[in-house]
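The first residue in the sequence is number 1, and the count goes up from there. First listed ligand is number 1; within each ligand, the first listed atom is number 1.
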Amino acid sequence: MTNNQEMIKAGNAMVKVLEAWGVDHLYGIPGGSINSTMDALLEEKDRIKYIQVRHEEVGAMAAAADAKLTGKIGVAFGSAGPGGTHLLNGLYDAREDHVPVLALVGQFGTGGMNMDTFQEMNENPIYADVSVYNVTVMTAASLPHIIDEAIRRAYAQNGVAVVQIPVDLPWQEIPAESWYASANSFQKPVYEHVDAADAQKMIDILAEAERPLIYYGIGTRGAGTELASLAEKMKIPMLSTYPAKGILPDRHPHYLGSANRVAHKPANDALPQADVILFIGSNYPFAEVSKAFKNVKKFLQIDINPAMLGKRHHADVALLADAKQALMKLVELAPTKEVSPWWQANLANIQNWHAYLDKLEHQTSGDLQAYQVYNALNAITNDESIFSLDVGDVNMLANRHLLLKPTNRHFTSNLFATMGVGIPGAIAAKLNYPDKQVFSLSGDGGAAMVMQDLVTQVQYGLPIINVVFSNQQFGFIKDEQEDTNAGYIGVEFNDINFAKVADAVGMQGFRVQKISELADVFAKAKEIAKTQPVLIDARISNERPIPVEAMELDSARFDAKTIADFKQRYAADDLQPFAHYLDQFGVENSQAEAQQGGF
Ligand code: FAD
Ligand code: MG
């Protein structure tokens, strides 16, 4: 090394690698073991925005949300020991929903490592399971290289990379020319090829089918037009996974909704009756446990990932392709089919269900229910609004009552299903899309887990509309206990006045208790959120939303009293069993019923 060689601190080089990859913000909380990284962030503060969260978990959940929304890597950090382990829920969320996230974890300085020093432990095993890349940095010179490697791997494998950084290393100087970022070389694979012979086989099988269904997942995002064209041309009703809501506009007349529990009745009705399923861009995790495909005679699958083909059911034809490309080919090959009794029965069933949902939403008297809150919410949204959803009943109810267009975005913790993601996800959404209207929607269980970070919205001036559905219970779990347990335990809790919590952190809060107050409060919130965050604590009643996985409507299966009680409990007088429409249009009823896929 010559004396006049230009030097840079390894920590600064690390942050410059992040910048080269387009990272413009990251989340975390400082601590002794990560303070050298903090120093680098201070020096680079004009180029990369540090967001101080109040719990590392919120930082990691927000980083996962960044990646879900933008496709770009999300970054969060925590100090050695507890700061890092607090990240884990957000990291698992990223792993389970296959999005790239980088976690920087502090470590005691190299002089104290492996010495049972304060907050010091072997961190690699902690992050081994959650990550696709997981290393402890050993030298200052390798730090920027490892960060670059971590980001490349996270992108290539759609997963989590974890880098543990002994605190002394980022402060050390390395030659300024000794590092580079590979961001300019990185490319995402492009899949243009669609095997024409397999596509034709699929069309031939679909054309012969009596009860075909298209079952799509989030791999079809952006291909709503092609899905709708194929369905319309071949008269095949469509269902989706819950996360794929919004790929077609909600209440589309040919869309059955999603199946299982966070679900719609028409999808659960149709699925067990289907003879042929085109399963596309989807990894429905309840497939086996709910025996969803038990009556299927031919299963056709399209996925971009070879590991997914044949995973959930034996595939008669499997096509490795991009969903949109494949759908374009299928639309081109598809014959125009006549309206079939199966198509008519499903369309009538969809209409009947939509009328039921509409009726709930437009109730003007009685106790305030979540349904009317969604109606008021739908009135203030626009085509570009983004919704960060927590986990619990909010998934089920937003799935049914939040009306989205393909230009909207909604997201949650889909497969890991961790509570607490609503507020962090909204922070991420507003940071990435400051000009779009952003909502966090949470139950009172989920909101209570992360409510300290409402102050983060105030601190960074993030005008988010937070809606908390308060009913003093873990509703989703309470209903599971109704189905499986001897009684209720641990599912009810004391009330929190979230409007006062909002007030305490410097945000305007509203408490709504009556249907008649909704429109005014939502209109005010919309105005306030042009410049500041706001919270609406909607005090909803605690009754169970209709269990579409266990409908008691069909007189061939239930006695008159059971049906009458069920209809009364769920205000479902006008709801028809699918058997009614199968009968009306002359479709043979296989007597198959939906099964709940839970635990
Ligand atoms: P993923 O699991 O991400 O799968 C997407 C698939 O698409 C993958 O196989 C991928 O390889 C493929 N793919 C990606 N890109 C492309 C492309 N360009 N072309 C082709 N293929 C591509 N979901 C339900 O459906 N019903 C429920 O009842 C339900 N209950 C839930 C309850 C709670 C409380 C929560 C939080 C979630 C629930 N979910 C439910 C969500 C569920 O856990 C799964 O996350 C979801 O069903 C998986 O959706 P997916 O298959 O669309 O997404
Ligand atoms: Mg609740």
Using a strict cut-off of 4.0 Å, indicate which atoms of ligand 1 neighbour a heavy atom of [X].
X	answer
R261	28 (O)
L415	43 (O), 45 (O)
N305	11 (O)
A321	19 (N), 20 (C)
S282	6 (C), 7 (O), 9 (O), 51 (O)
F286	26 (N), 27 (C), 28 (O), 29 (C), 30 (N), 40 (C)
H98	3 (O)
N260	26 (N), 27 (C), 28 (O)

Under-4.0 Å salt bridge between D537 and R511: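 A salt bridge is present here (some side-chain N lies under 4.0 Å from a carboxylate O).
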Hey, is R221 close enough to E226 for a salt bridge, meaning N to O under 4.0 Å?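 So R221 does not pair with E226 through a salt bridge.
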Taking heavy atoms and a distance under 4.0 Å, where does A323 meet ligand 1: side chain, backbone, both or neither?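 Answer for A323: both.
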Measure across M61 and G420 and return the closest heavy-atom pair with its distance rounded to 0.1 Å.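 Minimum heavy-atom contact is SD-O, 3.5 Å.
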Looking at F498 and L535, what are the two nearest heavy atoms and their distance?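 Heavy-atom minimum between the residues: O-CD2, 3.6 Å.
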Less than 6.0 angstrom separating the ring centers of F522 and F510, yes or no?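 Aromatic pair excluded; centres sit 6.0 Å or further apart.
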If you define the side chain from C-beta out and look only at heavy atoms, does anything of L300 sit under 4.5 Å from I277?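 Sidechains of I277 and L300: no contact.
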Heavy-atom side-chain proximity of V58 to I423 below 4.5 angstrom: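 SC-SC contact between V58 and I423 ruled out.
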Give a yes or no on this: more than 12 heavy atoms of other residues, nucleotides or ligands lie within 6.0 Å of atom NZ of K233.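 Count over threshold, so yes.
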Strictly distance-based, threshold 3.5 Å: is any side-chain N or O of [X] a donor or acceptor partner for the main-chain N or O of [Y]?
X	Y	result
D97	A94	no
N395	D390	yes
R153	V160	no

Sphere of radius 2.8 Å around the Mg ion (ligand 2) - protein N, O or S atoms inside: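 Metal shell, protein only: D444 OD1, N471 OD1, Q473 O.
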Please say whether G281 places an N or O atom under 3.5 Å from an N or O atom belonging to ligand 1.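 Right, the criterion is met.
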